[in-house]
Each structure stands twice: as C-alpha cells, then as structure tokens.
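Written below as structure tokens is the structure these notes are about.
A, B, ... follow the sequence lines: proteins, then strands. Residue 1 opens every chain.
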Amino acid sequence: MPAEKTPDSKMMEDLVSLCKRRGFVFPASEIYGGINGFWDYGPLGAQLKNNLRDAWWQDNVLMPPMGPNGEPVSVVGLDSAIIQNPKVWEASGHLAGFADPMRKCAGCGHFVRDDHLWETLATASEWHQSLLQEFTPISGAIDSERLMRWAKTRGKKLAPNLALVRNPEVTLSWIAQRVNGQPDAPPDMMEFTRYFATEQLHATGLQEPCPRCGGPLGEPKAFKLMFETWAGLVQDDEHKVYLRPETAQGIFLNYKNVLDTSRVRVPFGIAQVGKSFRNEVTPRNFIFRSREFEQMELEWFCHPDEARKWFEFWRDHRMQWWQSIGLAGDNLVLRQHESDELSHYAKEGVGTADVEYRYPFTAPGFGELEGIAHRTNFDLAAHQQHSKAKLEYFDQERNERYLPHVIEPAAGLTRGVLAILCEAYTRDESRASPEIMKFHPRVAPIKAAVFPLVNKDGMPEVAQKLHAELRARFGRLGMIETDPKQSIGKRYARMDEAGCPVCFTIDGETMTAQTVTARDRDTGAQEKIALDKVSDYVAQKLGV
RNA sequence: GCGGGUGUAGCUCAGUGGUAGAGCGUCACGUUGCCAACGUGAAUGUCGUCGGUUCGAAUCCGAUCACCCGCUCCA
C-alpha cells in the first residue's frame, strides 16, 4: 500500500525539517548514520527544553499553587542517581515484569508472560471461561455440535483468532481423533485448550492460545525493557545494574531522607526532573517515543483518606499548567482512564487521568503528555517490604501511623517539548517567510532581538547598547539576539522560524526621536515605542 | 516485530550505467532606509553504509542502518 501523505504527516515532515534547519533537534549520531530512538537537542532545542523544565520547577516546586482549601502546598526537589541498587527494580516490579519470557500473539500482538499463561487463561480469559462451560474435560467427552455452535456464536465474538473459531471442522476433527484414539487417557483441560488453538496440527504441532483473542502464541522470548550495564570492571551478573526506567523510584527511595531532613509533613511533595531510559519496542514519531527521554515527576504524599481530594487538585492544576504555557486550544484534553487500562499499582486507587495532546501523528486522536495517577501506597509498601526499612509516617495531628498514599503527576519533558513545537508550528502562506514558531513567550528560546535597520550611521552602536541592556535584565530567561547583517526582512524571518516573540529595530528615528520599531512575531505588526521603554515592553511581553 | 515507502549540499529536490547538479539557506564584499530586497563572489558532497555485477555504479543487484506511513506494542 503506497503511503499517502496526509496534511498532518506533511506538517510533521516540515516541522522535523525546520527543527534540523534551525537547530532545535538533530538525529543522534547523525554522522554515523544515526541510532534508532535517540535524538540530540541543538542550541534552540536545548534552550526550549531548559525553559520548559524551569517553568515546571518554578510552578510546581518553588511556587506551587495554593491547595484545595487555600492552604499552602509544600513541595521539595530531588535529584537522584540514574543507577540504583538493582533491588530497587525488583521491589518496584520493573524487573519481574520484563525479565520473564514473554510470548507474543500472532493474531492481536498481545504480550503474555509465559509462566502466567495458564493462570491467565483460567482466571482472566473471557473466551476461555466461556468455552469451558461447553464441555467437561474430566469425562473426556465432547459434544461437537455444541462446540460448533459456540464457535459460530459466542466464540466468534470473544476469540476471533482461535483455531476452533476460524476453522471449527478441521480443529474438531483433530480433537475427535485424539479422544477416540486413546480412550484410556482422556485429554486434560490444558490439552483440550491446545487442540482448540491448533488449526494445522501437522505443520505447527499443538499451539497455545492468546488469552485475549485466541490466536496462536509465539515462542517465549525474553523482553527486556530496561537498559542494563555493569557497575564495576567485571561484566558479570554480580555487577549488573540498570538505567532507571522512571524517575519516580528515586523519590520513593529518598522519601525517608527527605522527611528526616526537610521539616516537611504529610501532605507534601517531592519533585524530580531527569533522564529515563526504556528499550521501547518501537521508537517512533520523532521525539515522542525515544529510548532516552526526560521526565518531570512529582510524588505527592498524603493520607489515604485525602487521596481523592489531592488527585483532583493535581489533575486540574496540571491541566491548567500546560494551558498556561501555550497549549491552550482544543489540542489539549484531560482524559480519565477506564478501569481496564489502569496500571497494576493504580487498580486500587481513586483513578488515573492523562493530559493528552493531539499530535499531528495521532490526529484526530490524542497522545499522552502527562499521567496523573493515584499510586496508592504500592511503591512505599514494596520498598518497605524489600528493604526492611521502616517507611511508615507518624502523623501527630491524627495520632496515626501509616504509609502515605501517593498522587503522581508524571509529565514527559521530551513530549512537552514536542507538543510545544507542534502547537507553535504555523504556516502563513501570505508571508514571504511562511513558517513561524508561535511559542508562548515563557518557553521561547529567544526572548527578544535587536536589529540596526542598516549597518551604519550609528545604528549598530545603539543596537549593541540596547542588546546589552536587555541581556542584563532578561538574559537569564533565554537568549537575546542581535544581528547587524543582511536585510531587515531576512532577519525578521529568521526570528520567526526561531520563534522569537518580538524584534526591536533601531532606525533613523531612533537617532533623532529616541524611538524604536517593535515588530510582533505573530502579526507582523509594527509600532513605535520609546527607546527607554523597550526593557519594560519586553518585561510585559514575557509576563515578568 | 510485520508490511509499504524514502535516503544525493544545511533544507527542498532533479539526475535511471559514462566529468556531481538546481533553488533556497549560509558566509564575504558592496548597495540598502522596515518583512527571506538587489549585485558580485565563496564555501559546502566518500550520492546513508558495506558488499556484488560492470571497462565504468548516485543509477543495476544483495545486505545493513536511519527516517516516514499503516498495523502492533509501550508493566
């Protein structure tokens, strides 16, 4: 099927191209042919990422919003190691879940743990339970007509890829041969199930079915989603360590340390920003799913009874926050998880919600940007059990000892950068330079630019002076540019692609009337303002 | 992981067996008085990589890597 270019995929191509051309994002190891799932951030990309990270830190750690009842909220920061004791990942469940051999269904692609297959079939497989009611394996007797009826009705719905459903005649003939061939040793339930999953007995041997769709499962394979390396010079299992797949565990590991040293009391939060690593099955879609990525996670510790209140608080705050930095339109939604898609740790909780963005490659659907989950006390309980450390909190006000519950707003910094890039990317064909990055001023990597209209008549000197003044006041927030070369239109256009919100041009009137031209990125509109008011103008534009 | 597509200058692309190209961008100089302006000039490529066929390969074949699209997956 020839891949047809949709407007969205064209836009994505244009965006990727602009990112390369202007120095936002480069393919990692490009001169060596690249490396799947890794990306480098160029000068503008690094600054954009820093600005987003800083905004998050400021608004969630240094200056968090007031709590639900108007009380101050306390959040402290942390920066834990990427590599921790491997037992951490045993306790958290990351290691167990993926060190075990997994089998992939050829029909629906579902992954099943090999050692859990029969238990899953017995307890959690809808079609298998339905099918069991149609015969009694103990007696070994089968009612072919009844099974045929099941295959054509319920089976068709529940297990579309099961051999018995796809080709009941052939499958039932194998079973009949088996039952009649050895009447002394009737097949047990497992053997029946294998027969039900087998269409071409001689070609494939007995198959085992997918608990979800009934399709044949592939050979068990070890899927390792965590990056491994060795701490120490000897590369054996003794020294094997892992690169963290999430920053959250570092927070749980240090929860006691923070409590003991920071004078915080429940409820409080610990925040961390940093790189995480996952061997994604399929890195895809530019920087959306990469194997090295960056997270901004906050673990909010609270009393179990207050979990719902805080969940709703953080969920709403986090949604508003993304809106406040420029993802304000219909492209951003808050979506509550259905119960069947909850993570293992969130099953018992009050819920999970995702902040989702309509990326060009997910449109008209949405892709995850941040997840807000009630993790209950799953992690603290697991670490308490595995480490034997006492992690309970004594609540003086309640005179109660308990493991705090955790509300986790976990945002993707890398995904945030991508969403902001997508949201900012604008084409205006009526302009000589049609591509404009309409960044919110707070995250824009370049905050302002100063240009002499022409490179003579004293204008460059004035521009340099104004540039220095703006840099002294705003340089800590982002880049302040100046450039005396080439035509003014070309310099404006460059700033449009870099997403600089405003340019100031020193012109003839600056020399006589002490005014400059302020040129707006989004509208192209120009206005004259006093030279000595430029700094305040920028402050207002940046909201500082 | 499966199927399809693409890979030539920073970007977009032409070149289909015989000397490596264009537009834009970048840089320099000049000109220039408010939106990629104009003039002149310059730099930039092991044609993704490796191997094969051939007197000769960007071009044909094979493998491989990367990216894009569709399924799938993402505790």
Distance check needed: [N] [atom2] versus [X] [atom1], whole Å only.
X: D14(A); N: C68(B); atom1: CG; atom2: P; answer: 14 Å
X: R278(A); N: C73(B); atom1: CZ; atom2: P; answer: 17 Å
X: R431(A); N: A36(B); atom1: CZ; atom2: P; answer: 11 Å
X: I488(A); N: A37(B); atom1: CD1; atom2: P; answer: 12 Å
X: D40(A); N: A66(B); atom1: CG; atom2: P; answer: 15 Å
X: E435(A); N: C24(B); atom1: CD; atom2: C1'; answer: 12 Å
X: D483(A); N: C27(B); atom1: CG; atom2: P; answer: 8 Å
X: I35(A); N: U49(B); atom1: CD1; atom2: P; answer: 18 Å

Counting heavy atoms from C-beta on, name the nucleotide in [options] closest to the side chain of [X].
X: W39(A); options: G70(B), C67(B), A36(B); result: C67(B)
X: R284(A); options: C74(B), G70(B), C35(B); result: G70(B)
X: K490(A); options: C67(B), A37(B), C69(B); result: A37(B)

Phosphate-side-chain proximity, [X] and [N], N/O vs OP1/OP2 below 4.0 Å:
X: Q486(A); N: C27(B); value: yes
X: S433(A); N: A36(B); value: no
X: N36(A); N: C67(B); value: yes
X: K485(A); N: A28(B); value: yes

Euclidean distance for [atom1], [N] against [M] (whole angstrom):
N: G23(B); M: G41(B); atom1: P; value: 13 Å
N: C11(B); M: C2(B); atom1: P; value: 29 Å
N: G21(B); M: A9(B); atom1: C1'; value: 10 Å
N: C69(B); M: U16(B); atom1: P; value: 29 Å
N: A36(B); M: G10(B); atom1: C1'; value: 16 Å
N: C38(B); M: G25(B); atom1: P; value: 9 Å
N: G4(B); M: C47(B); atom1: P; value: 28 Å
N: G70(B); M: C60(B); atom1: P; value: 28 Å

inquiry  = Using 30° and 60° as the class boundaries, would you call the ring planes of W300(A) and W310(A) parallel, tilted or perpendicular?
reply    =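 Ring orientation of W300(A) relative to W310(A): tilted.
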request  = Hey, can you tell me if H383(A) and F252(A) have their rings parallel, tilted or perpendicular (30° and 60° cut-offs)?
outcome  =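 Ring orientation, 0 to 90° scale: tilted.
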When both hydrogen-bonding distances must be under 3.5 Å and the geometry is Watson-Crick or G-U wobble, what is [N] paired with, if anything?
N: U44(B); result: none
N: G56(B); result: none
N: C11(B); result: G23(B)
N: U16(B); result: none
N: C2(B); result: G70(B)
N: C50(B); result: G62(B)
N: U32(B); result: none

Between the base of [N] and the side chain of [X], is there any donor-acceptor pair under 3.5 Å?
X: E497(A); N: A36(B); result: yes
X: R491(A); N: C35(B); result: no
X: R289(A); N: C74(B); result: yes
X: R22(A); N: A36(B); result: yes

With no hydrogens and no angle check, just 3.5 Å: does a side-chain donor-acceptor pair link [X] and [Y]?
X: E423(A); Y: Y357(A); answer: yes
X: Q272(A); Y: S80(A); answer: yes
X: E297(A); Y: T247(A); answer: yes
X: D14(A); Y: S17(A); answer: no
X: S387(A); Y: K87(A); answer: no

inquiry  = Could you check U53(B) for me: syn (within 90° of 0) or anti?
reply    = anti
Every protein N/O within reach of nucleotides 6-8 of chain B N/O, cut-off under 3.5 Å:
none

query = Any donor-acceptor pair under 3.5 Å linking the side chain of T198(A) with the backbone of R194(A)?
reply = yes
inquiry  = Under a 4.0 Å threshold between the charged nitrogen and the carboxylate oxygen, would R431(A) count as salt-bridged to D496(A)?
reply    = yes
ask   = Could R415(A) and E356(A) be called an ion pair, given the rule that one side-chain N must be under 4.0 Å from one carboxylate O?
value =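 Result for this pair is no, no salt bridge flagged.
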message = Taking the nucleotide of RNA chain B with the nearest heavy atom to each, does Y492(A) or G33(A) sit closer to the 5' end?
response =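 First, find each residue's nearest nucleotide; the 5'-ward one identifies Y492(A).
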task = Assign each of P27(A) and P245(A) to its nearest nucleotide of RNA chain B by heavy atoms, then name whichever residue's nucleotide is nearer the 5' end.
result = P27(A)
With heavy atoms under 4.0 Å as the rule, sort [X] into base, sugar-phosphate or nothing.
X: G37(A); answer: sugar-phosphate
X: F286(A); answer: sugar-phosphate
X: N285(A); answer: sugar-phosphate

ask   = Within 45° of the ring axis of F474(A) and under 6.0 Å from its six-membered ring centre, is that where the NZ or CZ of K447(A) lies?
value = no
message = For W39(A), run the ring pair (Phe, Tyr, Trp, His ring centres under 6.0 Å) check against F26(A), F293(A), F286(A), F288(A) and tell me which one passes.
response =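 Output: one option passes, namely F286(A).
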Return the polar atom pairs (N/O with N/O) between nucleotides 10-12 of chain B and the protein under 3.5 Å, or none.
residue, atom, partner, partner atom, Å
G10(B), O3', K20(A), NZ, 3.2
C11(B), OP1, K20(A), NZ, 2.4
C11(B), O3', S17(A), OG, 3.0
C11(B), O2', S17(A), OG, 3.3

request  = Would you please name every residue forming a salt bridge (Lys or Arg N to Asp or Glu O under 4.0 Å) with R291(A), sequence neighbours left out?
outcome  =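 Residues passing salt bridge (Lys or Arg N to Asp or Glu O under 4.0 Å) with R291(A): none at all.
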